[in-house]
Amino acid sequence: LHPDKAKLYEAIGYRPSKKQAEVHSSLARVRCFSGGARGGKSLFGAMEILPVLLTPGSKIWIVSPRYDQSIEMDYLRQFFELGSMKYYFDRLRTFTFNVKNGDVRIVLQWSSPGDAIQLKDSWVQVKSTQVEDSLLGEELDMVCISEASRIPERIWTEYLIQRLTTRKGVAVIPSTPRGTGNWYGQLVQLGQVPDEVRNKRVESLCVTSVENPIYDQSQADFARAHLTDEEYNEQVLGIPTNMSGAIFPDWTTEIHVKDFEKEQWPPPNSDCFIGVDFGFSNPAAILWCWKDGDGVWYVSKEVYKRKQTI
């Protein structure tokens, strides 16, 4: 850990696990902490935010699907109430937790009107992805994306990345995974390739629920008895799986993808159907399907694109 981080963590009694300390030490611009339920993800996110918040002039967002899902802010509030944080507590200018009205923020005031050197306030504010227009315009030092696997990719690509460019900000992304076929699962995978490939842009770590001291093995055994292999891997082990949420989990390329000679296509006595799922910000999907005389369906062509007209 950086000495300043280590000193702060010691002062507030925060003792990160070995794996948490690995990501706390990361210099990557994008830091993914993929963990099972109760794996310490929100606490990790709050502890990444805290040193930045205690820097005058810093600007931070916590982005979550709903205002009441920003558990990281709950941890921050608890730490400011500690006796060891009195110096910073005295600097609180705004301490608002109005979830109903969408006003959840902490503002620290670093200078008084008569001070010779005027330092800018630092703040952290919760944003909901349900109000997309609120994700525009700000320049940030850090964004913490809570429950990232449940947030659409466009929120990341069209809004949040752009907020971090000017101030060379950092993205902290603690989340339980939901498959590898989404933007978060892909980031987690990218963050695990060798350093020379990712060039320290992304770093990720998968943490199991049982590494949390309050989550014992009996709870893991209970979950194992009631979850599928894919659900257990994600919800307990924190590992993204290819088949999570799949409609046809038994589908494989080896069995279900075949080449046909020109004279074999289309199948005998078959009818053609075209299915369209319209989209613009979200991808539009078009499938060309055939149903033969035996009731077997074939998909011959697929279009899956964003921001395209037909």
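Index from 1, following the sequence.
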Inset, instruction - For a side chain to side chain contact (heavy atoms under 4.5 Å, CB included) with Ser146, tell me which candidate from Pro174, Ser64, Ser175 qualifies. - result: Ser64
Legend entry - Ion pair Lys59/Glu138, N-O distance below 4.0 Å: yes
Legend entry - Salt-bridge criterion met for Asp4 and Lys7 (N-O under 4.0 Å): no
Inset, instruction - Sequence neighbours left out, what passes side chain to side chain contact (heavy atoms under 4.5 Å, CB included) with Ser42? Give chain and number order. - result: Ile71, Glu72, Tyr75
Legend entry - Pair Phe273 + Trp297: ring centers closer than 6.0 Å: yes
For the atom pair [atom1] ([X]) and [atom2] ([Y]), what is the distance rounded to the nearest 0.5 Å?
{"X": "Ile49", "Y": "Phe44", "atom1": "CD1", "atom2": "CZ", "answer": "10.0 Å"}
{"X": "Glu147", "Y": "Gln69", "atom1": "CD", "atom2": "CD", "answer": "6.0 Å"}
{"X": "Leu76", "Y": "Cys144", "atom1": "CG", "atom2": "SG", "answer": "9.0 Å"}

Inset, instruction - Mark yes or no for whether Tyr298, through its side chain, and Pro266, through its backbone, hold a donor-acceptor pair below 3.5 Å. - result: no
Legend entry - Ser26 side chain to Ala28 backbone, donor-acceptor under 3.5 Å: yes
Legend entry - Test item: side-chain donor near acceptor, Trp183 and Thr157, under 3.5 Å: no
Inset, instruction - Supply the members, apart from Leu287, of the Ile/Leu/Val/Met/Phe/Trp/Tyr cluster built from side-chain contacts under 4.5 Å; use none for a lone residue. - result: Val299
Is there a path from [X] to [Y] through hydrophobic residues (I, L, V, M, F, W, Y) whose side chains come within less than 4.5 Å of each other?
{"X": "Leu119", "Y": "Ile60", "answer": "yes"}
{"X": "Val131", "Y": "Ile62", "answer": "yes"}
{"X": "Leu27", "Y": "Val23", "answer": "no"}

Inset, instruction - Please work out whether the ring planes of Tyr14 and His24 are parallel, tilted or perpendicular, with thresholds of 30° and 60°. - result: perpendicular
Legend entry - Geometric cation-pi criterion Arg77 and Phe97, 6.0 Å radius, 45° cone: yes
Inset, instruction - Give the intermediate values and the outcome of side chain to side chain contact (heavy atoms under 4.5 Å, CB included) for residues Val276 and Ile274. - result: CA-CA 7 Å; Val276 181; Ile274 299 178; 4.2 Å; yes
